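Numbers restart at 1 for each chain; the letters A, B, ... are given by sequence-line order, proteins then strands. Here the structure is a predicted model, which is why all the values come from computation and not from measurement.
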Amino acid sequence: MTHRGYAGFQTCVGRCKLGLMSQTNAKLSRIFQQMADVLEVLGANRFKVIAFQKAARVLGELTDDVAGMDSKELRSIEGIGKGMADRIEEFAETGGLPEAIELFDKVPPGVVKMLDIPGLGPKTVSILWRDAGLEDMAQLTAALDTGELEELPGFGKKKIENIKKNLAFAEQAGKRAKIGEAMPLALWFVEQLKQLKQVKQIQYAGSLRRGKETIGDLDLLVAANEKDAGAIMDAFVGLEVVADVIARGETKSSIRTNEDSGGKSGVISGGGGMQVDLRVVPTASYGAALMYFTGSKEHNVRLRERAVSMGMKLNEWGLIKTDSEKVVAGKTEEEVFKALKLAWVPPELREDRGEVALAESSHKAGDAIAGPPLIEVSDIKAELHTHTTASDGMWSIEELALAAAERGFHTVAITDHSKGQVQANGLSDERLEKHIVAIRKVAEKLKGKIIVLAGSEVDILADGRLDYPDSLLKELDVVVASPHAALSQEPAKCTTRFLKAIESPYVTIMGHPTGRLIGRREGLSPDMGALFKAAAERGIAMEINANHWRLDLRDTHAKAAIAAGVKLAINTDAHRLANLDHLQYGVLTARRAGATKKNVVNCMTKAALAKWLKSTRT
DNA sequence: GCCGTTTTCGGCCCGACTGTTTTCAGTCG
């Protein structure tokens, strides 16, 4: 769900000058999304609304800057036609879009904001605004108690009660849980429902299965006999963490969890107030339903269009011949894809970013899976970014190294903070020298068990200098250069800053380059294309930081990095034991970027890794 | 508004659940 309330951007549309290029995509993406919202309330042609939504999504995911493109290039982008291309060009040239301002003037921002209330769609909001004259949430709240709304068409007591109840959740609209919060909660639900004897198959689906960095709600799919569906639904809505039953049907139910569902069940912290949908289907439909429930919506639409063009229809029950109603496939995802003349698409790629075309060519080539096999957690053999008690970690060098060895890694690098990170107890030059000696000692002791490398997570200072002198850096095996301060620099400035850091002959990996914290800090917007080009030339790696707060590089950046020939590093940035489990989120992000193990330095053999590290010292 | 192995016009995915309805519209995913 998109967070609405466009007042801030309204001013931006009129006032923002052609700022820094890399922000154009983001700005236009938001403007198009807001235009879609307003058009929806105004009752515009729904395909027009969809076109604006699609343009917003496409621009949001694009790493190339639209400000530098001509009309022809723009129109070659899927979802951008003449109309959108003209708007983009106008915005890039003038820094504004008068059409958007004009449109926003037609509907009060408070009305658009009402779309955030669960259960309220454009039609209902339009009635509240046009027929009842309500212009914002406060007026709506007041009107709910007077009884006047019952006069409106389609408004009954229950609907008004539901609006009252859901009003509180409008604030949460657009708030998404981090994947590291959603995953344990999903696994808890799966574990609970698995215990029911009626449940034959169960799997979490939705954006969690696609490995997205944030999750809006949890989707669970169960295969069972039709007659058992009711009992499964009863068990589901009766679970201890359920605060509210939103819907309870024979094949589909939705609940909201307690605010403290994490704490109470020992599940997680931070996953409270999440919506969880459960769908129960017969085994014969499980594959089709899993596809339907995994999404993305855009990916599904594309598959359904393909089915129609082949004289079939695709829904959660199966792939069905239109004329005879004969079910062609449905039991497994593989058979449904195959019947569509497609190779099976890994869930992480199902975002309508060209994966259907890929699946088609793979199928033609006789492959069962679309594209090359994506990287898996078990491919990771080295951890190159960790912290110990020397700075702000919880482990000693030896504890950390042994834990890494236990996970089957052949190499671990100890990379504590540099001196600029005072609050993280960063190491002074002198302390680093001693620390290197301590690391070498442990390395010697653990010889044969695991290779322990001496490294540092060196701050990239605001001007691009590194936080240690070269004389010290050259003593290290691994240098992860990361930004920790000056995280609101202008794009051009931080691009120059990072390019300078990449030039250092001692840097091996650039760590979490935007410095974002998901849902908390926007972070930097450097010109990623320029960084990738420089990193590729130097042969150094760009990090996907696997911590679920960061996931930085994000999926789209990592995809562009691979396309630019840059090596990726997937590191946990572990400060404590549990952090090593975050590796899965980094791998999911890499999979969403289409990464294979060949793209990732952590998958190298001992010898290859050593050789690569040496090669970066040029 | 976008798009094109019938195309520059006429399509544009599909079903469950709810609430207000006497057969369906709205919302959601």
Side-chain angles (χ1 to χ4, degrees), chain A residues 1 32 35-36 39-41 43-58 74-88 99 103 114-128 149-150 152-163 165-166 173 205-208 210 215-221 229 233 245-255 275-281 285 288-289 291-310 312-320 322 340 352 360:
Chain A
M1 211 183 292
F32 286 162
M35 290 176 80
L39 285 168
E40 224 181 354
V41 175
N45 177 305
R46 72 187 178 96
F47 296 108
K48 184 173 175 178
V49 174
I50 290 170
F52 272 94
Q53 286 169 340
K54 174 152 193 184
R57 178 175 70 90
V58 167
L74 288 170
R75 294 194 59 180
S76 71
I77 301 169
E78 163 98 42
I80 305 296
K82 183 172 187 319
M84 294 299 175
D86 288 349
R87 291 183 178 91
I88 294 169
E99 178 196 1
L103 188 62
M114 287 185 205
L115 289 170
D116 281 346
I117 302 167
L120 283 203
K123 296 284 196 302
T124 315
V125 166
S126 179
I127 290 172
L128 288 171
L149 297 184
E150 282 184 51
L152 297 171
F155 278 70
K157 282 200 160 56
K158 260 199 151 154
K159 185 160 183 165
I160 290 169
E161 274 315 302
N162 274 339
I163 296 176
K165 200 164 75 179
N166 288 329
S207 48
L208 182 63
R210 302 203 309 280
I215 312 297
D217 51 35
L218 292 183
D219 300 305
L220 306 171
L221 180 68
M233 291 303 175
V245 179
I246 301 165
R248 195 276 189 206
E250 276 308 293
T251 68
K252 185 186 167 187
S253 293
S254 298
I255 59 100
Q275 184 176 325
V276 185
D277 299 336
L278 173 67
R279 192 80 188 249
V280 180
V281 298
S285 296
M291 286 170 70
Y292 158 79
F293 229 11
T294 298
S296 65
K297 196 178 161 191
E298 293 79 7
H299 170 86
N300 286 350
V301 167
R302 203 155 281 268
L303 291 191
R304 285 173 189 154
E305 284 169 352
R306 186 179 179 87
V308 169
S309 75
M310 293 170 74
M312 300 182 281
K313 67 170 178 177
L314 176 62
N315 58 34
E316 59 265 55
W317 302 105
L319 182 64
I320 300 154
T322 316
L340 288 168
D352 188 25
E360 189 172 50

Asn162(A) side chain N/O closer than 4.0 Å to the phosphate oxygens (OP1, OP2) of dT18(B)? no

How would you label the contact of Pro122(A) with the nucleic acid (heavy atoms, under 4.0 Å): base, sugar-phosphate, or nothing? sugar-phosphate

Paired stretches of DNA chain B - 3 or more consecutive Watson-Crick or G-U pairs, each distance under 3.5 Å: B:1-4 with B:9-12, B:14-19 with B:24-29

Taking only the C1' atom of each, what is the distance from dT6(B) to dG1(B) in whole angstrom? 23 Å

For dC28(B), does either OP1 or OP2 sit under 4.0 Å from a side-chain N or O belonging to Ser254(A)? no

Could you state the interatomic distance from CD (Glu99(A)) to CE (Met35(A)), rounded to the nearest 0.5 Å? 4.0 Å

According to the 5.5 Å centroid and 30° plane-angle thresholds, does Tyr292(A) stack upon the nucleobase of dC14(B)? no

Between Lys297(A) and Asp352(A), is the closest basic N to carboxylate O distance under 4.0 Å? no

Ala247(A) side chain, from C-beta outward: closest of dG15(B), dC12(B), dC17(B): dC17(B)

For Arg279(A), answer base if it contacts any base atom (sugar-phosphate contacts may also be present), sugar-phosphate if it contacts only those atoms, and nothing otherwise; contact means non-hydrogen atoms under 4.0 Å. sugar-phosphate

Using the C1' atoms only, state how far dA25(B) lies from dT20(B), rounded to an integer number of Å. 9 Å

Considering heavy-atom distances to DNA chain B, does Val125(A) or Lys48(A) have its closest nucleotide positioned more toward the 5' end? Lys48(A)

N or O in side chain of Trp317(A) less than 4.0 angstrom from dC14(B) OP1/OP2: no

Which part of the nucleic acid does Arg87(A) contact within heavy-atom distance under 4.0 Å: base, sugar-phosphate only, or nothing? sugar-phosphate

P atoms of dT22(B) and dC17(B), separation to the nearest Å: 22 Å

Phosphate contact (dC3(B) OP1 or OP2) by Arg75(A) side-chain N/O below 4.0 Å: no

Classify Arg46(A) by what it touches in the nucleic acid, base, sugar-phosphate, or nothing, heavy-atom distance under 4.0 Å. nothing

Remember a base hit wins even if backbone is also touched, and classify Leu303(A) as base, sugar-phosphate or nothing at under 4.0 Å, heavy atoms. nothing

Could you check how far CZ of Phe155(A) sits from C1' of dG26(B), rounded to whole Å? 11 Å

Per Ala51(A) side chain, nearest of listed nucleotides dC14(B), dT27(B), dC2(B): dC2(B)

Taking only the C1' atom of each, what is the distance from dG10(B) to dA16(B) in whole angstrom? 29 Å

May I have the distance from Lys82(A) (atom NZ) to dC2(B) (atom P), rounded to whole angstrom? 10 Å

Just N and O in the side chain of Thr251(A): are any of them under 4.0 Å from OP1 or OP2 of dC17(B)? yes

Spacing of Leu218(A) atom CG relative to dG29(B) atom C1', expressed in whole Å: 14 Å

Spacing of the P atoms in dG19(B) and dC12(B) (rounded, Å): 31 Å

Between dG19(B) atom P and Ile163(A) atom CD1, what is the distance in whole Å? 12 Å

Can a side-chain donor-acceptor contact be found between Glu298(A) and Asn300(A) if the only test is distance below 3.5 angstrom? no

Just to be sure I understand the rule, does Asp217(A) reach a base, reach only the sugar-phosphate, or reach nothing, if contact means heavy atoms closer than 4.0 Å? sugar-phosphate

I'd like to know whether Arg57(A) forms a salt bridge (Lys or Arg N to Asp or Glu O under 4.0 Å) with Glu78(A), so could you lay out the CA-CA distance, the side-chain angles of the two residues, the decisive distance to 0.1 Å, and finally the verdict. CA-CA 11 Å; Arg57(A) 178 175 70 90; Glu78(A) 163 98 42; over 6 Å; no

Let me know the distance between CD of Gln275(A) and P of dT18(B), rounded to the nearest Å. 12 Å

Is any side-chain N of the basic residue among Glu40(A) and Arg46(A) closer than 4.0 Å to the acidic one's carboxylate O? no

What does Ile50(A) touch in the nucleic acid at a heavy-atom separation under 4.0 angstrom: a base, only the sugar-phosphate, or nothing? nothing

Using a cut-off of strictly less than 4.0 Å, decide whether Lys252(A) has a side-chain nitrogen or oxygen near OP1 or OP2 of dA16(B). no

Of the candidate nucleotides dG19(B), dG29(B), dC12(B), which contains the atom at the shortest distance from the side chain of Lys158(A)? dG19(B)

For nucleotides dT21(B) and dT27(B), find the distance between their P atoms and express it as a whole number of Å. 15 Å

Mind checking Gly79(A) for me? I need base, sugar-phosphate or nothing, with any heavy atom below 4.0 Å counting as a touch. sugar-phosphate

Can you tell me which nucleotide in dG15(B), dG19(B), dG1(B) comes closest to the side chain of Lys159(A)? dG19(B)

Considering only atom C1', compute the distance from dC9(B) to dC14(B) and round it to an integer number of Å. 25 Å

Please classify the nucleic acid contact of Val49(A) as base, sugar-phosphate, or nothing, using heavy-atom distances under 4.0 Å. nothing

